[in-house]
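Here's the structure we're looking at; comments come further down.
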Amino acid sequence: MNTDFTQGLNPMQKAAVLHTEGPLLLIAGAGSGKTRVLTHRMAHIAGHLARPYEMLAITFTNRAAKEMKERIHRLKPYDAHDMWVATFHSCCVRILRREIHHIGYDNSFVIYDMDDAAKLLKGVLKEMNVNERQFPPKSILSAIGRQKDELVGPEDFAAMSAGNYRDEIMAEIYKNYQKQLYGNNALDFDDIILKTLELFMRHPIVLDKYARRFRYIMVDEYQDTNTAQYQLVRLLASVHGNICVVGDDDQSIYGWRGANIRNILDFEKDFYGAAVIKLEQNYRSTGNILEAANGVIAYNQGRKAKKLWTRAQPGESLNFFKAESDYREADYIVEKISQGLADGAKHKDFAVLYRINSLSRVIEEKLVERNMRYRIYGGIRFYERREVKDTLAYLRAIHNPHDDISIKRIINVPKRGIGGVAVDFFEKIAAEHDIKFYDVLKNAEMYSQNTARNRKIANFIELLEDFRARAAELPLEELVKEVLTKSGYHSSIVAEDEADGTDRAANLSELINKAAGYEADDLDENEGQTSALAAFLEDVALVADIDDHSENDDTVALMTLHSSKGLEFPTVFLPAFEEGIFPTYRAVTSGEPAEIEEERRLCYVGITRAKQRVYISMAGRRRHNGQTISNAPSRFLQEIPQELVESQAVPITPPPPPRPAFKRTERAAQNIDFNQAAMQPNFGKKWDLSKIKKM
DNA sequence: CTCCTTTGTCTTTTT
DNA sequence: GACAAAGGAG
């Protein structure tokens, strides 16, 4: 059996694999073979130093976790099944499923997504008689989320906000929101991390169990961790101290979600005696692409010193094209893909990476027109579709009767004649008597003389209780089918609208297919799962669309720059390089250099996704928010060394030197006449103008 | 109670 | 231009 896992690695990579004891910071630039090092390192440890179940690897997405598991498996010296390779969230859920009763929740807790959380919050606001205008649910929710990221609980927040009228109200909202989550036996996304921490702090014995168990811990994408996650890692590593974090400060793009870039910048201070290894050789991109990326990111201040290099040839120039309109821009992209396909490329060799989801629309339109296989990742996710959420609400209500949000979602879907008036009535009673909403419904006749209404409620309760009984005996797939038919939901969807109804029905079939993968027999006891239904609901709550990205389906990929992190493609399109879009309007107007820097890192991520070709483009006018707008070229375009870019417009003034003061960048950005580029677009040799449709 | 129309907000990114 | 919330008619 092979026990040398350093074969074929460069000296730095080798060092990273072999340095197993104590804290280690691995600065891994884009395309530097990071995943390779991580997987080899895990194999090495498992082969020589520890049992698989003594190892924990934390990734950011389920996709990354899955890929890592597969690659370790391929290295194959043992059964990787017992190894914990998981996202922060799924790792914490696993722990909480077994242990959350220590802090007063029931182990069958549900996980609320943003939609559920928003509904809950609206209920809180209504109850408190707070104006939704003054306290918009969405922004409150993210404010609460940020508090949670920073480990500020409702009481802490109340203490901090004394004297500030608005914050005092916020504190009250936060408190009630948390109380209601608890009442529903539900956790929101941030709670998953926060409650795990709370568990560990209040019950050191529980912490000790896990901290002892995990002798080797690895954290990927460390630059994107927030304060709560950092504390969690610190606690888990407190016994053995073998903590390896991997990251790239230049790819930190989740500041808005509470990611604390200080976590990576200060690692050496936080973990005394930490070793630092830098991986700077890039194996992914051509020389030109790498140089372009380096050129852009050099404008950021406060980075860890690092410069990616490659042995690869310079390759082709980057391309820039200014189209007249967003439609023309899409034409350009699709035409380039079409040329590539004619030259023998596969669909999956192409990716279109944009700043905002709404940009996918026009491009999708053109891809459909040309009959090209494509897939949009993110945006409206499968599990966020109305019909899917409705069905899941049934399943959740069956699983957990106290999940008020789900009960309310389906109580009148399909129409049962139980409207808002009835719901408000019983909800008020529940609040007054401090009983669960569901229990009030169950005993409706105790509280209400309205017999017609009580009858309808009783029917609904009976339906649910019946499902609940059936849940115990039926395979999950059958249960879902039965729920859809007996509730009348399926027929109501079909009846709703011709075209739309078929679409939605198809999604329901898809959901049934997904459910079919869950059987009572192959439950993972390790994960504390008690039923196929529970396992299904849990997985569904934590999957993102990007997790489905597979090398196997041959489609052009459309996704946001954020979603693209960790992926690579031979050809990458970066549309809408425009001030106001990329960088985003908010970043431009906020006057916060930090916001522009995060946008710039996003640009860096985008360029470094490409192996061979990069096509940057913009539109002279585009429709955005229902309006036609014209944007100036993105400042990031200016920051790419101009000799690397092929476009008709040659800069009149030389580009500004790297690392200038912030203002200077802005001024320089206006010196170049990109309108000239629009006059004489560079179509390349194979471009046939006649193929562009008139609009 | 439901259906239909009108009005206002929204678009940054997601586990 | 999409979608949710609110208001009015039946």
Side chains of [X] and [Y]: does their closest heavy-atom pair fall under 4.5 Å?
{"X": "A/Glu99", "Y": "A/Tyr210", "value": "yes"}
{"X": "A/Met559", "Y": "A/Leu353", "value": "yes"}
{"X": "A/Asn300", "Y": "A/Asp250", "value": "no"}

Pick one: which of A/Arg396, A/Lys122, A/Arg409 meets salt bridge (Lys or Arg N to Asp or Glu O under 4.0 Å) with A/Asp116?
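Between A/Asp116 and the candidates, salt bridge (Lys or Arg N to Asp or Glu O under 4.0 Å) is satisfied uniquely by A/Arg396.
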
Nearest-Å distance for atom pair [atom1]/[atom2], residues [X] and [N]:
{"X": "A/His624", "N": "B/dC10", "atom1": "NE2", "atom2": "P", "result": "13 Å"}
{"X": "A/Ile356", "N": "C/dA2", "atom1": "CD1", "atom2": "P", "result": "16 Å"}
{"X": "A/Ile596", "N": "B/dT13", "atom1": "CD1", "atom2": "P", "result": "17 Å"}
{"X": "A/Glu598", "N": "B/dT14", "atom1": "CD", "atom2": "P", "result": "13 Å"}
{"X": "A/Tyr377", "N": "B/dT13", "atom1": "OH", "atom2": "C1'", "result": "19 Å"}
{"X": "A/Arg623", "N": "C/dA2", "atom1": "CZ", "atom2": "C1'", "result": "13 Å"}
{"X": "A/Lys195", "N": "B/dT15", "atom1": "NZ", "atom2": "C1'", "result": "18 Å"}
{"X": "A/Arg146", "N": "B/dT15", "atom1": "CZ", "atom2": "C1'", "result": "16 Å"}

I'd like to know if the side chain of [X] pairs up with that of [Y] as donor and acceptor (distance under 3.5 Å, no hydrogens or angles considered).
{"X": "A/Gln231", "Y": "A/Gln229", "value": "no"}
{"X": "A/Arg94", "Y": "A/Ser90", "value": "no"}
{"X": "A/Tyr230", "Y": "A/Asn260", "value": "no"}
{"X": "A/Asn184", "Y": "A/Tyr112", "value": "yes"}
{"X": "A/Arg635", "Y": "A/Gln638", "value": "no"}

Its contact letters, B for base, S for sugar-phosphate only and - for none at protein heavy atoms under 4.0 Å, make nucleotides 3-10 of chain C read --S-----

Contact pattern, 5' to 3', of nucleotides 1-9 of chain B - B, S or - by protein heavy atom under 4.0 Å:
SSS-----S

Nearest to the side chain of A/Arg361 - C/dA2, B/dT12, B/dT14?
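Of the options given, the side chain of A/Arg361 lies nearest C/dA2.
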
From B/dT11, B/dT12, B/dT15, nucleotide with atom closest to A/Glu599 side chain
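The answer is B/dT12.
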
Who are the side chain to side chain contact (heavy atoms under 4.5 Å, CB included) partners of A/Val423, not counting sequence neighbours?
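If we apply the side chain to side chain contact (heavy atoms under 4.5 Å, CB included) test to A/Val423, skipping adjacent residues, the hits are A/Lys408, A/Ile411, A/Glu427, A/Phe437.
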
Taking the ring of A/Phe426 and the ring of A/Tyr447, is the distance between their centroids below 6.0 Å?
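Aromatic pair excluded; centres sit 6.0 Å or further apart.
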
Any A/Thr560 side-chain N or O less than 4.0 Å from OP1/OP2 of B/dT14
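The answer is yes; a side-chain N or O of A/Thr560 sits under 4.0 Å from OP1 or OP2.
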
Do any side-chain nitrogens or oxygens of A/Asn357 fall under 4.0 Å of OP1 or OP2 in B/dT13?
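Indeed, a polar side-chain atom of A/Asn357 lies that close.
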
Would you kindly compare A/Gln229 and A/Tyr585 by the position of their nearest DNA chain B nucleotide and give the one closer to the 5′ end?
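The residue closer to the strand's 5' end, by nearest nucleotide, is A/Tyr585.
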
Contact list for DNA chain B against residues 248-261 of chain A - heavy-atom distance below 4.0 Å
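Heavy-atom contacts with DNA chain B come from A/Tyr254, A/Trp256, A/Arg257.
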
Any base atoms under 4.0 Å from A/Phe88, or only sugar-phosphate, or nothing? Heavy atoms, all strands.
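Touches nothing.
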
At under 4.0 Å between heavy atoms, what does A/Lys565 touch on the DNA or RNA strands: base, sugar-phosphate, or nothing?
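Counting heavy atoms under 4.0 Å across all strands, no contact is made by A/Lys565.
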
Given Watson-Crick and G-U pairs under 3.5 Å, DNA chain B in dot-bracket ([ ] crossing, | other strand) is |||||||||......

Quick one: do A/Lys148 and A/Asp191 satisfy salt bridge (charged side-chain N to carboxylate O under 4.0 Å, His left out)? Show the steps, please.
CA-CA 7 Å; A/Lys148 287 181 176 179; A/Asp191 277 345; 2.9 Å; yes

Qualifying residues under salt bridge (charged side-chain N to carboxylate O under 4.0 Å, His left out), relative to A/Glu364, sequence neighbours excluded
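Testing A/Glu364 for salt bridge (charged side-chain N to carboxylate O under 4.0 Å, His left out), a comparison that skips the adjacent residues, returns none.
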
For A/Ala28 versus A/Gln251, what's the shortest heavy-atom pair and its separation?
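A/Ala28 and A/Gln251 have their closest heavy atoms at O-NE2, 4.4 Å.
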
Give me the atom names and distance for the closest heavy-atom approach of A/Gly606 to A/Leu561.
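That would be CA-CD2, 3.6 Å.
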
